[in-house]
Structures are given as C-alpha cells and as structure tokens.
Amino acid sequence: MSAPVYLKGDKAGLKQFLDKYDVFLFDCDGVLWSGDHLFPGSVPTLEMLRKKNKQVVFVTNNSTKSRGDYRKKLESMGIPATTEEVFGSSYSASIYISRILPQSHPQLKKKNKVFVVGEAGIETELDSEGIPHIGGTDPAYRRDVTPEDYKLLAAGDPSVLDPDVGVVLVGLDFHFNYLKMCYAYHYIKRGAIFLATNVDSTLPSAGALFPGAGSMSAPLIAMLGGQQPMAFGKPNQAMMDAIEGKFQFDRSRAVMIGDRANTDIKFGIEGKLGGTLAVLTGVTTKQEFLEGDTRPAYYVDELGDLLEGA
Ligand code: PLP
Ligand code: CA
C-alpha cells in the first residue's frame with residue numbers, strides 16, 4: 001500500500017491535483033464544516049472549483065436531512081448549490097426502493113409500503129419517489145409499549161401490522177424507542193426487506209461521539225441472529241452508481257474528499273475513482289490515515305489548503 005501524499009504547501013503538486021480531476025465529490029460534515037461551525041477555507045475553495053468549471057457533488061451519510069434541507073444548509077453557510085448536486089443516504093435508499101427493488105422483488109410492486117425508523121429527511125425523500133410509508137416521525141409511535149401491543153404484534157394482527165409493509169428502512173432516529181424496535185422486528189420476521197440508510201456506528205458532535213444510524217440497526221441485527229441490512233450511505237457502492245447514473249462522469253477523472261477512512265476514503269477506493277483526498281478536520285486522525293488499512297492517495301490539513309494550487 002503506498003503512503004498518502006501530503007499536498008499542503010506543495011504548489012506544483014496542488015496544481016497538478018486540481019488539473020487531474022473534473023468531478024469533486026465532497027463529504028460535508030468534517031470537511032466543509034463541523035456541526036454548525038463552517039471551516040474558513042470552505043467557501044473560497046468551492047468558489048475556486050466552480051470558477052474552474054469543476055463538477056461538484058455533496059455526498060452525505062446524514063439521513064436525517066433531505067437533499068433540499070442540505071441545499072438550504074449549504075446556502076446558509078455561503079455555499080450556493082442545487083438540490084441535484086446533493087446526494088444523501090435517504091435519497092439513495094429511496095431511489096433504490098422505488099426503481100431497483102421492484103425488479104428483484106416483484107411482490108413489492110403491490111406491497112411497497114415502508115416502515116421507517118428515522119427522521120423527516122427519510123420521509124421527504126420517500127415522498128419525492130412516491131413511496132408510501134408509516135412510522136418515522138408519526139407521534140403514534142412515540143410511546144411506551146402496552147400489554148395489548150404485545151398481544152396484537154404476537155398475533156400479527158393487521159390492525160397493528162400493516163399488510164402492505166414490504167420494507168423496513170432504518171436511519172438515525174432521535175426518538176428511537178422500544179415500540180419502533182418491536183414493529184421493525186415483526187415486519188422483518190414477516191418477510192419485509194431490511195434496509196439501512198447508512199451504518200455509521202457513531203455520530204460526531206461537539207467534539208465527542210454519539211450513537212449514529214448504525215447503532216439503530218444494531219439491536220435489530222442482534223435480535224435477528226446476525227441478519228445484516230442492505231445499507232446505502234458511503235462506502236456502499238449503490239450510492240456511487242446512483243451518482244454516476246446522474247452525472248455520467250469518467251471515474252478516473254473524479255476525486256472523493258472526506259474526513260473518514262472507513263466511509264469516505266473507502267467509498268472512493270472501492271468506486272475506483274481517480275483519487276481520494278483526506279482532510280484532518282474530522283473523525284479519522286492523521287496517524288490512522290497514514291497507518292490504517294484504508295489510506296487516501298492524498299491528504300491536507302484542511303480543505304482550504306487546496307487554494308494554494310489555484
Ligand atoms: N448522520 C447524521 C445524522 C449526521 O448529522 C451526520 C453529520 O452531520 C452524518 C451522518 C455524517 O455526515 P457526513 O457523511 O456528511 O459526514
Ligand atoms: Ca464526514
């Protein structure tokens with residue numbers, strides 16, 4: 001495995017890097033900003049790339065927000081973008097459910113309702129693909145389990161288990177609870193397909209780690225005896241195929257920029273992109289990038305370091 005090349009301060013190397021790619025895939029949190037803190041180099045770097053007519057795509061595993069929410073967040077940070085330039089794990093899962101799944105599972109043409117464990121971002125993207133859904137942010141699922149629930153769920157009673165549910169989709173749910181787990185488990189046991197927007201086990205916030213979407217599907221996996229969900233966020237290549245389907249680019253002329261080795265950098269390597277660039281403003285440390293199993297082709301301290309090559 002070759003050592004990642006450090007580009008900061010290497011004007012000629014940076015210029016070569018910028019000339020080598022037409023398409024720049026950006027991870028968002030940890031690269032452009034951290035939570036609500038915008039990194040100072042992000043706006044000028046994006047402006048520089050746009051001036052050079054580079055195609056920019058924002059690729060995020062955050063399932064709680066829709067593409068439209070992300071466009072607004074980018075704009076509020078001073079980064080103009082179109083909804084089309086945003087790819088989120090909820091969108092990736094939704095287009096898979098509406099366009100791919102019915103081909104391999106013809107029964108879903110009739111029974112395509114989705115039971116959602118997650119937030120409004122998932123619901124918005126399912127709506128945009130015309131997929132019916134229940135669960136999610138519905139307050140009816142934000143309560144304790146009653147003895148009556150146990151009875152009805154055990155009997156598979158159609159008054160609680162909707163006969164049209166053919167898919168369970170799990171993302172980060174800030175109101176995750178025992179009742180939703182019971183429902184998700186019983187739908188899957190009844191034959192629903194088990195999907196996850198993304199499987200990041202942790203969510204970085206305020207300088208510490210919190211439970212991520214992968215920690216929502218983990219209890220279900222345990223209960224199902226190890227059955228894994230199909231997942232859509234980085235590094236899953238379903239997301240890359242969807243991006244390529246939309247932008248029709250030459251992968252050798254594309255680079256993935258990210259802060260996390262096991263999601264972003266792996267995504268770029270397994271997608272056989274022309275390159276991967278790590279920044280040190282997020283989750284993975286310099287030592288992990290240099291010595292770990294998943295190494296980027298290049299790294300800089302922060303995104304704004306690219307400006308020197310313009
Ligand atoms: N999931 C959630 C809910 C998040 O809030 C974030 C970051 O904000 C992520 C995942 C990771 O997103 P990204 O892929 O942009 O780093
Ligand atoms: Ca990130």
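Start at 1 and go down the list; that is how both ligands and their atoms are numbered. A quick note: this is a predicted structure, and the numbers were derived from the prediction, not measured.
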Name of the [X] N, O or S atom nearest the Ca ion (ligand 2)?
{"X": "D27", "result": "OD2"}
{"X": "D259", "result": "OD1"}
{"X": "D29", "result": "O"}

Does any pair with a residue in residues 173-187 pass salt bridge (Lys or Arg N to Asp or Glu O under 4.0 Å), and if so which ones, sequence neighbours excluded?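 For residues 173-187: D173-K180.
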Sole residue of K246, R67, R50 in salt bridge (Lys or Arg N to Asp or Glu O under 4.0 Å) with E85: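 Among K246, R67, R50, the one that satisfies the salt bridge (Lys or Arg N to Asp or Glu O under 4.0 Å) with E85 is R50.
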Under 30°, 30 to 60°, or over 60°: which ring-plane class applies to F115 and Y187, parallel, tilted or perpendicular?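 Taking Y187 first and then F115, their aromatic rings sit tilted (interplane angle of 30° to 60°).
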Pairs under 3.5 Å, nitrogen or oxygen of ligand 1 with protein nitrogen or oxygen:
unit_1, atom_1, unit_2, atom_2, d
ligand 1, 5 (O), N62, ND2, 3.1
ligand 1, 12 (O), T60, OG1, 3.4
ligand 1, 14 (O), D27, OD1, 2.9
ligand 1, 14 (O), N61, N, 2.9
ligand 1, 14 (O), K234, NZ, 2.9
ligand 1, 15 (O), D27, OD1, 3.2
ligand 1, 15 (O), D29, N, 3.2
ligand 1, 15 (O), T60, OG1, 2.8
ligand 1, 16 (O), D27, OD1, 2.9
ligand 1, 16 (O), D29, O, 3.3

Main-chain N/O of A297 paired to T276 side chain as donor or acceptor, under 3.5 Å: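 Answer holds: yes.
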Just by modelled atom types, is the D138 backbone N or O under 3.5 Å from a matching donor or acceptor in the R142 side chain?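 Here the side-chain-to-backbone pair does not exist.
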Verify ring pair (Phe, Tyr, Trp, His ring centres under 6.0 Å) between Y70 and F58, making sure each step is shown before the conclusion. CA-CA 9 Å; Y70 247 80; F58 302 97; 8.7 Å; no
So, is D264 placed with an N/O/S atom under 3.0 Å from the Ca ion (ligand 2), counting both backbone and side chain?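 Not a single backbone or side-chain N, O or S atom of D264 is under 3.0 Å from the Ca ion (ligand 2).
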Other ILVMFWY residues reachable from V59 by side-chain steps of under 4.5 Å: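 Result for V59 is V23, L25, V57, F87, Y91, I95, M239, M240, I243, F247, F249, M256, F267, L273.
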Any pair counted as ring-ring contact (aromatic ring centres under 6.0 Å, His included), so long as it reaches residues 201-238, sequence neighbours left out: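 Pairs touching residues 201-238 that pass the test: Y96-F232.
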